[in-house]
Novice: 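After the structure tokens below, expect a handful of questions from me.
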Number of protein chains: 2
Amino acid sequence: MARRSDHTREELHSMAIDATRTIIAQEGIEGVSARKVAQQIGYTVGTLYQSFENIHDLVLHANAFTLSEMLAELEVSFQSSRDPLQRMVKLAEAYLRFAETHQRQWAAVFRHSLPESYPMPDWYQARIDALFALIESGVRALAPKRSRQSIQGASRTLWSGVHGICILHTGDKLFSNRIASAQSLVQSLVKHYLNSWVAEGKR
Amino acid sequence: MARRSDHTREELHSMAIDATRTIIAQEGIEGVSARKVAQQIGYTVGTLYQSFENIHDLVLHANAFTLSEMLAELEVSFQSSRDPLQRMVKLAEAYLRFAETHQRQWAAVFRHSLPESYPMPDWYQARIDALFALIESGVRALAPKRSRQSIQGASRTLWSGVHGICILHTGDKLFSNRIASAQSLVQSLVKHYLNSWVAEGKR
DNA sequence: AGCATAATTAAACGTTGTTTAATATTCAAG
DNA sequence: CTTGAATATTAAACAACGTTTAATTATGCT
């Protein structure tokens, strides 16, 4: 039996999250189970339930980690270009690249649905907000004069679109990418949408 | 015990699909289970497994039904306007409206992931192809001179975008729609993207 | 009527998330 | 130190899940 002095509560917590992330990376989110995680960290399920409310809580923590990783990469890409439009293209490409590189982790984030009885925690929502804040700042640079509402709308429209391409690209096989690579789709979307949206603002 | 003369194989098949659709509509795809479906049609699980390979097969049939319903509605909307651009806007709006109206059914279609050991059946893929064919025909009307490749790319880009908006809207985790309605996002996406894409073809 | 065929069921298996009571460990007070 | 309260950990249980099995029941054919 593992002794309680072997690991602190905090250590246990992060060990479980790490194990969950490993399982997701190897088998996808469907492969995650309380028993499997427990076994991987050398404890039993009961101990796991001392650190996490339920399995959703655990997966949510693993997914939050993924979101943070992604945000870090996006921020690097964001800085990689000075031209505002090019910056948005780079950002979208980085988003797609992350989805491709960390397919299962990324899928876990956006496929995992929690029961309506279990509302999304604030600390998790904060990650998503940070993501959209980055996008909005990029869009704002393209049209500094436009209203906050307008910028928010364009950001959400654009990023929903980028997100949609990533979903249909990585997850399902809605289209074979022999015709057009996902990257070219993303480029097409960002350039054309922002092109017309910026022009609208100058009319 | 239900007698086998009570219902033909075909009746059983469609009874099970109907029951599945009802459960999805009421409780979402998470509420579907073999036992629940079996009980609702007055048989036991074993009988269900005589009509369907596994639970994925059953859900797939229910989802195919949903896709057909959606396609029918989209076709009506497609005809509702003569102007090619307006037609695409209507099409996208109809897609969003369906996603809103049949939230759980629509979510079931796009959240259900089948194991990689179980490839998507042709009859299911055919539904998706029909959907994209409709979209492509609308895009082609906007730029008849452009290459098949180009039209396919634009169609997929655009519809991935529309799809993404619907996902983030109905899941409504990502943004509160008090700023901009999903409908306005969809309109914005379709108009601006096609605007610039069509212009590019005329350069 | 009787036999073969097929449909249906009840029961089982292994898995899941979660809870429970019992046990083991820690920590503080005497 | 020892004892006792507090807590961590475990093993076992529960209900529900997908799926398979053997046994039973209904059908169709000769």
Side-chain angles (χ1 to χ4, degrees), chain A residues 1-17 19-20 23-24 26-63 108 111-119 121, chain B residues 1-17 19-20 22-24 26-63 108 111-119:
Chain A
M1 164 166 149
R3 312 201 165 175
R4 72 167 121 172
S5 58
D6 282 355
H7 306 99
T8 67
R9 261 183 305 279
E10 287 76 21
E11 282 173 333
L12 259 174
H13 200 261
S14 72
M15 279 165 61
I17 295 173
T20 306
I23 295 172
I24 289 178
Q26 287 172 353
E27 314 172 34
I29 197 175
E30 277 82 9
V32 175
S33 83
R35 282 172 180 84
K36 210 184 284 180
V37 171
Q39 192 200 340
Q40 202 157 112
I41 65 175
Y43 286 82
T44 49
V45 269
T47 300
L48 216 53
Y49 275 80
Q50 196 126 319
S51 286
F52 300 91
E53 273 190 44
N54 49 42
I55 198 75
H56 297 289
D57 187 21
L58 177 55
V59 170
L60 234 37
H61 275 87
N63 285 347
R111 298 188 82 86
H112 174 249
S113 74
L114 47 182
E116 80 293 334
S117 62
Y118 191 80
Chain B
M1 167 164 143
R3 313 199 165 177
R4 73 168 121 175
S5 57
D6 282 354
H7 305 99
T8 67
R9 260 183 306 279
E10 287 74 23
E11 281 173 333
L12 259 175
H13 199 261
S14 73
M15 280 166 62
I17 295 174
T20 306
T22 302
I23 295 173
I24 288 177
Q26 287 173 352
E27 315 174 34
I29 196 176
E30 276 83 9
V32 174
S33 83
R35 284 174 179 83
K36 211 184 284 181
V37 171
Q39 192 202 339
Q40 201 156 111
I41 66 176
Y43 286 81
T44 50
V45 268
T47 301
L48 216 53
Y49 275 80
Q50 196 125 319
S51 286
F52 300 91
E53 273 190 44
N54 48 43
I55 197 75
H56 297 289
D57 188 21
L58 176 56
V59 170
L60 233 39
H61 275 86
N63 285 346
R111 299 187 81 86
H112 174 248
S113 75
L114 48 181
E116 79 294 335
S117 62
Y118 192 81

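Letters A, B, ... are given to chains in the order of the sequence lines, protein chains preceding strands, and every chain is numbered from 1.
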Novice: Who passes salt bridge (Lys or Arg N to Asp or Glu O under 4.0 Å) against A:Glu27, sequence neighbours left out?
Specialist: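 Only A:Lys36 meet the salt bridge (Lys or Arg N to Asp or Glu O under 4.0 Å) criterion with A:Glu27.
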
Novice: Given B:Thr20, which partner from the list B:Thr22, B:Ile24, B:Ile23 fulfils the side-chain contact (heavy atoms from CB on, under 4.5 Å) test?
Specialist: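 It is B:Ile24; the other options fail the test.
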
Novice: Any residue in residues 48-56 of chain B with a heavy atom nearer than 4.0 angstrom to DNA chain C? Just list them by number, or reply none.
Specialist: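 The stretch gives B:Gln50 as the residues lying under 4.0 Å from the strand, ordered by number.
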
Novice: How is A:Arg9 classified with respect to the nucleic acid when contacts are heavy atoms under 4.0 Å: base, sugar-phosphate, or nothing?
Specialist: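 Since only primed, P, OP1 and OP2 atoms lie under 4.0 Å of A:Arg9, the category is sugar-phosphate.
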
Novice: Are the side chain of A:Ser51 and the backbone of A:Leu48 linked by a donor-acceptor contact shorter than 3.5 Å?
Specialist: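 Answer holds: no.
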
Novice: Using whole Å, what does the distance between atom C1' of nucleotide D:dA8 and atom CD of A:Glu10 come to?
Specialist: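 Rounded to whole Å, this separation is 14 Å.
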
Novice: If you assign each of B:Leu12 and B:Val45 to its closest nucleotide in DNA chain C, which residue comes earlier from the 5' end?
Specialist: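 Looking at DNA chain C, the more 5' nearest nucleotide goes with B:Leu12.
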
Novice: Measure NE2/A:His13 against P/D:dT9 and give the value in whole Å, please.
Specialist: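 Rounded to the whole Å, the gap is 14 Å.
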
Novice: Whole angstrom is fine here: how far is it from CD in A:Glu11 over to P in D:dT9?
Specialist: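 Interatomic distance, CD of A:Glu11 to P of D:dT9: 11 Å.
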
Novice: Within the 4.0 Å heavy-atom criterion, would you say A:Val37 contacts the bases, only the backbone, or no part of the nucleic acid?
Specialist: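 A:Val37: no heavy atom of the nucleic acid under 4.0 Å.
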
Novice: Could you tell me the separation between the CD atom of B:Gln39 and the P atom of D:dA16, rounded to a whole number of Å?
Specialist: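 My rounded result for the distance is 11 Å.
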
Novice: If the condition is ring pair (Phe, Tyr, Trp, His ring centres under 6.0 Å), which residues does B:Tyr49 pass it with, not counting sequence neighbours?
Specialist: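 So B:Tyr49 forms no ring pair (Phe, Tyr, Trp, His ring centres under 6.0 Å) with any residue.
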
Novice: Measure the distance from CG on B:Leu114 to P on D:dG18 and round it to the nearest whole Å.
Specialist: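 Value for this atom pair: 15 Å.
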
Novice: Side chain of A:Tyr43 only, heavy atoms from C-beta on: which candidate in D:dT9, C:dT8, D:dG18 is closest?
Specialist: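 Within the option list, the nearest is D:dT9.
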
Novice: Would you mind reading off the distance between A:Asp6 atom CG and C:dA24 atom C1', rounded to a whole angstrom?
Specialist: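 For the pair A:Asp6 CG and C:dA24 C1', the rounded distance is 13 Å.
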
Novice: In this structure, how many angstroms lie between the C1' atom of D:dC17 and the CD atom of B:Glu27, rounded?
Specialist: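 B:Glu27 atom CD is separated from D:dC17 atom C1' by 14 Å.
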
Novice: Specify the separation, in whole Å, of atom CD1 of B:Ile29 and atom P of D:dG18.
Specialist: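 Rounded to whole Å, this separation is 11 Å.
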
Novice: So, do A:Leu12 and A:Arg9 sit near enough that their side-chain heavy atoms are less than 4.5 Å apart?
Specialist: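 No, too far: nothing below the 4.5 Å cut-off.
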
Novice: Check every strand shown and say whether B:Leu58 touches a base, only sugar-phosphate, or nothing at a heavy-atom separation below 4.0 Å.
Specialist: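 It contacts nothing in the nucleic acid.
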
Novice: With sugar-phosphate meaning primed atoms plus P, OP1 and OP2, does A:Ser33 contact a base, only sugar-phosphate, or nothing at under 4.0 Å between heavy atoms?
Specialist: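 Contact class for A:Ser33: sugar-phosphate only.
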
Novice: More 5' along DNA chain C: A:Gly46 or A:Gly31, using each one's nearest nucleotide?
Specialist: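 Nearer the 5' end of the strand: A:Gly31.
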
Novice: Evaluate A:Val37 against A:Phe52 for side-chain contact (heavy atoms from CB on, under 4.5 Å), listing each step before the verdict.
Specialist: CA-CA 12 Å; A:Val37 171; A:Phe52 300 91; over 6 Å; no

Novice: Just say parallel, tilted or perpendicular for the rings of B:His112 and B:His56, cut-offs at 30° and 60°.
Specialist: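 Tilted.
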
Novice: Give the nucleotide from the list C:dT8, D:dT19, C:dT18 with an atom nearest to the side chain of B:Arg35.
Specialist: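 Of the options given, the side chain of B:Arg35 lies nearest D:dT19.
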
